[in-house]
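A quick write-up on the structure given underneath.
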Amino acid sequence: MIVVLRPEAREDEIESIMGRIERSGLKGVLTRGSERTIIGVVGVDPVLPDLRDDVEIMPGVEEVIPITKPYKLCSREFQSERTVIQVGRVKIGGDGVVVIAGPCAVETEEQILDTARAVKRWGGHILRGGAFKPSTSPYHFRGLGREGLKMLSEAGKEVGLPVITEVLTPKDVELVVEYTDILQIGARNMQNFILLDEAGRTRKPVMLKRGMSAKVEEWLLAAEYILSQGNRQVILCERGIRTFESATRNTLDISAIPLVHKLTHLPVIADPSHGTGKWYLVTPLTLAAVAAGADGVMIEVHPSPDTALKDGAQSLTFDHFADLMRRLAPVAEASGRPIFST
Ligand code: PEP
Ligand code: MN
């Protein structure tokens, strides 16, 4: 439930309300918004009838509203204005469409630096590159680990772009936090609750990819894990789901974009590379995702997709990336939100 406070509520009144909530074994999360100050009540059963009745008549309380959704902190009921996440000079979820691009995996210093330069040159905002790669087969490339993190971070610094990379296990969170501006939690780990808790204890933005068989509600509950640990900077990423269709790697669920915007205040970006698995479908699906209101896109780009160690078939060449950026500009503009510029 949400406790909406009166504009004139005093600090000691707020403290008493928090105390009453905590005595029920629940947690109060105070948010001072531009229009109103509220306390979100989270816990196992956040609408205990006694608690609701007691709080409703406490001094400083305007009204008590039950949240009907199973996720609380990430719901629109809890926060009506959209969350904007600032990474360096880039704003995700604000007035501009953000483009994240880079190779699936960091392979060599030269590969990541060349890609970083191309991403920057054609107007990308954030550099991606995996150093810890989840892999369906144990015989495939699994990333360069710490060395890869260093190469990614140095390439980002060299061209002046923030970076994002995946963290695979709770024990690596501390290491990855040192090198990255945004933590990525991959589709396969969307319901790794220990990892979600750990990422929630950091103060870095987290991009949470939708699990390949996850319902929207499960995805938002996974985001709730991160938020409930105190980290409010969560970006959702629609990356395609498993369907009966095998002509594409996954089915990019475009409808999830406006749906998630309706249900939550968190930004949502689309990943048409993993969403389709085919490089020639990446640009059309990028345009569709942005037209549907995506706050950004994540695109795999490689200097030479033919020789890429991972996901070459869905990676764009630099020329194709330049072409995507040119075609994206008018679509973004027409959708009411131009490509982000500082
Ligand atoms: C990736 O972004 O490289 C990746 C592994 O994505 P996903 O978790 O969506 O499969
Ligand atoms: Mn990939």
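In listed order, ligands and their atoms are each counted from 1. Just so it is clear, the values below take in all heavy atoms, side chains as well, and ignore hydrogens, waters and symmetry mates.
- Under the 4.0 Å criterion applied to side-chain N and carboxylate O atoms, Glu300 and Arg128 are assigned as salt-bridge partners.
- Rounding to 10°, one obtains 90° for the angle at the Mn ion (ligand 2) between NE2 (His274) and OE2 (Glu300).
- For the pair Gln184 and ligand 1, the shortest N or O to N or O distance falls below 3.5 Å.
- For ligand 1, the polar-atom distance check finds an N/O of Arg188 within less than 3.5 Å of one of the ligand's N/O atoms.
- Some N or O of His274 is nearer than 3.5 Å to an N or O of ligand 1, by distance alone.
- For the pair Thr276 and Val282, the minimum side-chain heavy-atom distance is below 4.5 Å.
- Note: an N/O pair closer than 3.5 Å links Ala187 and ligand 1 by distance alone.
- Residues Phe78 and Ile67 form a side-chain contact, since some pair of their non-hydrogen atoms from C-beta on lies under 4.5 Å apart.
- Between the Mn ion (ligand 2) and the N, O or S atoms of Asp311, the shortest distance is to OD2.
- Using a 4.5 Å heavy-atom threshold, the side chains of Thr165 and Phe132 count as separate.
- Using 4.0 Å as the threshold, Arg128 has a heavy atom nearer than that to some atom of ligand 1.
- Salt-bridge check for Arg20 with Glu56: failed, with every basic side-chain N at 4.0 Å or more from each acidic carboxylate O.
- Taking a cutoff of 4.0 Å between a charged side-chain nitrogen and a carboxylate oxygen, Glu198 and Arg201 qualify as a salt bridge.
- The nearest heavy-atom contact from the protein to atom 6 (O) of ligand 1 is Lys209 NZ, 2.9 Å.
- Using a 4.0 Å cut-off between heavy atoms, Lys310 makes no contact with ligand 1 at all.
- For atom 9 (O) of ligand 1, the nearest protein heavy atom (residue, atom name, distance) is Arg239 NE, 2.6 Å.
- Inspection of the His320 and Asp323 side chains reveals no N or O donor paired with an N or O acceptor under 3.5 Å.
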